[in-house]
Amino acid sequence: MIKARRNIGFHLLLKSRFWVIFLFIALLFAIRWTKGAGYLDFYSILLKPILPGTAQREWIKEGENIERSMRLKLLEEDNIRLRKALSLKQLNSDQRISAAVISRSSRNWWQLLEINKGAKDGVLKGQTVIGPGGLIGLVDSTTPLTSRVRLLTDPGHQVGAWIDRTKQHGILTGMGTNRPKLIFFNKKPLVKIGDVVTTSPASTLLPPNLTIGIIQFVDAQALPSPYAIVQLTASPEAIDWVQILKNNG
Amino acid sequence: MAKNKKKLLIFFTLVCLPAFLIISPDWLKINGITPCWPVIVLLPFSLKNCRWRSIIASILLGFFIDSFTITNASYIPSLFLLSLVWSQYGLHNKKIELFLNIGLMAIFGAAFVGLSIWAQKIFIYSSLRNNWFHSWSIYILISEAIITGLVAPFFSSWLLLAYEKN
């Protein structure tokens, strides 16, 4: 009797259908235990060739850029409205004159650029000249067809500057090098290396909020007044085209 | 022949000199700094001409060169003094194949002009009385003197020959 029972047990193991059912149940358990990981992995491998590629990434980026530019436009409009309310100077992007650099003397005793737009095109002495990166200088003199731009780096050239983080004013003075000196009015300037220097939002001579450079070195103990060395964001040595802002003439 | 040389001198002074000043070609620069052109032009003229003519030429040349710069410091005082010294030195039957001599005089001339502009800028702008500006001025002064010394033997001796033949 006992022998017969043993035969029955082993007989089941030898049948192929048993193993098929066993494996099927094991598979089900495995799927349940891994929460369908195998299926998901397989699906992701299958989907890989048709996943969002570089083109789609560019579409997304383009969409983001459009969204940003719309936001910027809204903010600019808001800014103009508020500046009007406060009777402050405005930066109007429509009143710009593009000009090519026809002569460059950016490392001599006088650091200047000659550009191919002059009084005939509405350029006036004292107008602001910007390039890719921010402010590069002011118009020093004009002829009917050309203008001479005095660079921020020219020794002795002084313009007002503003540090937005600390809300402090200073005078940016050209030293001949690519790094002008920012002289502070306060005895404790509180600036740090890496602070952005811009034109003053309340300036009556220069358009507001134009980027000038980044602070590279600070001497808070200097006498008679503390100073910082500013690395300009616009490099006059590499600029071939500039824009003259008409609204501060 | 003499007439042709005169034309050549006028051409160099009125066309080539402003062209060099405005275009400032890269192949005539050292560390981005151009030669001191007024020294190159004034040197042969002062060597060949009398004191009064040299002084007048230096003042006129100074006015001319100042029109290409931003009006603060001027070339006139330094060119005036250089014209006095060079006209006094003169040629006096010296051999003009002193090729290096011209270069040396140009180096000293450029250094003197540079020093004069440096001093004027310090006098005009009190904010420049610090180390940052001085390091930059030394850099310009040395570069300008070197490039002027290299260029002068070619241009100045050529102009000097033209004055001699005139």
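Letters A, B, ... are given to chains in the order of the sequence lines, protein chains preceding strands, and every chain is numbered from 1. Note that the coordinates shown come from a computational prediction; the quantities given were computed from them, not determined experimentally.
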### Query
Using a cut-off of under 4.5 Å for heavy-atom pairs, which of T173(A), I183(A), L112(A) has the most such pairs with chain B?
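Highest number of heavy-atom pairs under 4.5 Å: L112(A).
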
### Task
Please state whether the side chain, the backbone, both or neither of T34(B) comes within less than 4.5 Å of a heavy atom of chain A.
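Both backbone and side chain.
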
### Query
Heavy-atom distance under 4.5 Å to chain A: side chain of L141(B), backbone, both or neither?
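Backbone plus side chain of L141(B), per the 4.5 Å heavy-atom cut-off to chain A.
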
Do other residues, nucleotides or ligands put more than 12 heavy atoms under 6.0 Å from [X] [atom1]?
X       : atom1 : answer
Y125(B) : OH    : yes
E77(A)  : CD    : yes
R51(B)  : CZ    : no
K188(A) : NZ    : no

### Message
Just so I know, are the side chains of K29(B) and N108(A) near enough to count as touching, which here means a heavy-atom distance under 4.5 Å?
### Response
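Not in contact.
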
### Query
With a 4.5 Å heavy-atom cut-off, do E144(B) and W109(A) have their side chains touching?
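Sidechains of W109(A) and E144(B): in contact.
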
### Query
Quick one: what part of Q158(A) sits under 4.5 Å from any heavy atom of chain B, side chain, backbone, both or neither?
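Only the side chain of Q158(A) comes within 4.5 Å of chain B.
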
### Message
Is there a side-chain contact (heavy atoms from CB on, under 4.5 Å) between T69(B) and R148(A)? Walk through the geometry before answering.
### Response
CA-CA 9 Å; T69(B) 63; R148(A) 183 168 294 157; 5.8 Å; no

### Task
Answer yes or no: is there a donor N or O on one side and an acceptor on the other, between the side chain of W110(A) and the main chain of I70(B), under 3.5 Å?
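It does hold such a pair.
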
Which atom pairs, one a donor and one an acceptor, fall under 3.5 Å between side chains of residues 55-62 of chain B and the rest of the protein, sequence neighbours left out?
residue: S58(B); atom: OG; partner: I55(B); partner atom: O; Å: 2.6
residue: S58(B); atom: OG; partner: S83(B); partner atom: OG; Å: 3.4

